[in-house]
Amino acid sequence: MEYLPDVVAAAVPLLTAFCGWAGAQLRRNRKEMDAIKKGVKGLLRAKVIDLGLHYIEEGSIPPYGMETIKGCYGPYEELGDGDLAVGHIVKTCEKLPVRAGRE
């Protein structure tokens with residue numbers, strides 16, 4: 001047991017270094033996840049806007065078009081801070097007459 005203080009004295013700097021490294025890794029991973037979240041949200045937003053404006057201009061929407069818009073808008077909304085204009089586009093598309101698939 002007389003060597004225990006030496007082991008503790010040697011282990012403390014190693015433990016401190018490991019904690020610093022682990023903290024840096026967590027911060028880096030958090031930044032990467034935030035960037036991925038923003039990128040995915042931007043892509044979903046762009047898809048809803050592009051499709052929605054296309055169908056609004058046409059004046060009707062096929063069933064698969066509405067499914068796609070809702071399929072993109074749901075996750076976009078769940079990612080938070082949704083744009084009210086995007087929600088307005090979705091609501092406008094929901095009011096469009098539904099047409100047959102390949103017209």
Side-chain angles (χ1 to χ4, degrees):
M1 287 289 192
E2 49 196 62
Y3 58 86
L4 188 59
D6 294 334
V7 171
V8 171
V12 169
L14 291 174
L15 185 59
T16 302
F18 175 76
C19 288
W21 174 83
Q25 293 298 316
L26 289 172
R27 279 190 298 280
R28 187 180 63 128
N29 288 343
R30 177 101 170 131
K31 279 183 162 181
E32 289 174 357
M33 289 305 295
D34 287 346
I36 291 170
K37 178 181 172 182
K38 287 177 184 176
V40 169
K41 186 176 176 184
L43 291 171
L44 290 169
R45 180 180 187 275
K47 188 68 170 177
V48 170
I49 290 171
D50 288 347
L51 284 175
L53 293 179
H54 169 75
Y55 291 126
I56 290 169
E57 186 177 304
E58 283 190 355
S60 63
I61 189 168
Y64 62 82
M66 197 66 232
E67 283 178 32
T68 303
I69 289 173
K70 286 183 176 181
C72 291
Y73 183 67
Y76 168 77
E77 204 173 28
E78 286 179 26
L79 287 171
D81 299 329
D83 184 351
L84 294 177
V86 177
H88 177 72
I89 289 171
V90 173
K91 286 182 177 71
T92 303
C93 288
E94 289 174 337
K95 295 175 186 174
L96 290 173
V98 178
R99 62 178 158 90
R102 293 259 180 204
E103 291 179 18

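For the numbers below, each heavy atom of this structure counts, side chains included, while hydrogens, waters and symmetry mates do not.
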A.B. asks: How far does CD1 of Ile61 sit from NE2 of His54, to the nearest 0.5 angstrom?
C.D. replies: 9.0 Å

A.B. asks: Which residues pass the side-chain hydrogen bond (donor to acceptor under 3.5 Å, both in side chains) test with His88, not counting sequence neighbours?
C.D. replies: none

A.B. asks: Could you work out, with side chain to side chain contact (heavy atoms under 4.5 Å, CB included) as the rule, every residue matching Arg30, not counting sequence neighbours?
C.D. replies: Asp34

A.B. asks: Side-chain donor-acceptor contacts of residues 38-51 below 3.5 Å, not counting sequence neighbours, with atom names and distances?
C.D. replies:
{"residue": "Lys41", "atom": "NZ", "partner": "Gly80", "partner atom": "O", "Å": "2.2"}
{"residue": "Lys41", "atom": "NZ", "partner": "Asp81", "partner atom": "O", "Å": "3.1"}
{"residue": "Arg45", "atom": "NE", "partner": "Asp83", "partner atom": "OD2", "Å": "3.4"}
{"residue": "Arg45", "atom": "NH2", "partner": "Asp83", "partner atom": "OD2", "Å": "2.5"}

A.B. asks: With sequence neighbours excluded, tell me which residues meet side chain to side chain contact (heavy atoms under 4.5 Å, CB included) with Glu57.
C.D. replies: none

A.B. asks: Of all residues at least two apart in sequence or in a different chain, which pass the side-chain hydrogen bond (donor to acceptor under 3.5 Å, both in side chains) check with Ser60?
C.D. replies: Arg99

A.B. asks: When rounded to the nearest 0.5 angstrom, what is the spacing between CG in Asn29 and CD1 in Ile36?
C.D. replies: 9.5 Å

A.B. asks: Go through the structure and list residues passing side-chain hydrogen bond (donor to acceptor under 3.5 Å, both in side chains) with Arg28, not counting sequence neighbours.
C.D. replies: Gln25

A.B. asks: Nearest heavy-atom pair of Ala100 and Pro62: which atoms, and what distance?
C.D. replies: O-CB, 4.3 Å

A.B. asks: For a quick test of reading the model, state the closest non-hydrogen atom pair linking Ile89 to Gly52 and the distance between them.
C.D. replies: CG2-CA, 3.6 Å

A.B. asks: Between CG of Leu96 and CD of Glu94, what distance do you get to the nearest 0.5 Å?
C.D. replies: 10.0 Å

A.B. asks: Pairs under 3.5 angstrom only: tabulate donor-acceptor contacts from the side chains of residues 66-75 to other protein residues two or more places apart or in another chain.
C.D. replies:
{"residue": "Thr68", "atom": "OG1", "partner": "Tyr64", "partner atom": "O", "Å": "2.8"}
{"residue": "Tyr73", "atom": "OH", "partner": "Glu77", "partner atom": "OE2", "Å": "3.3"}

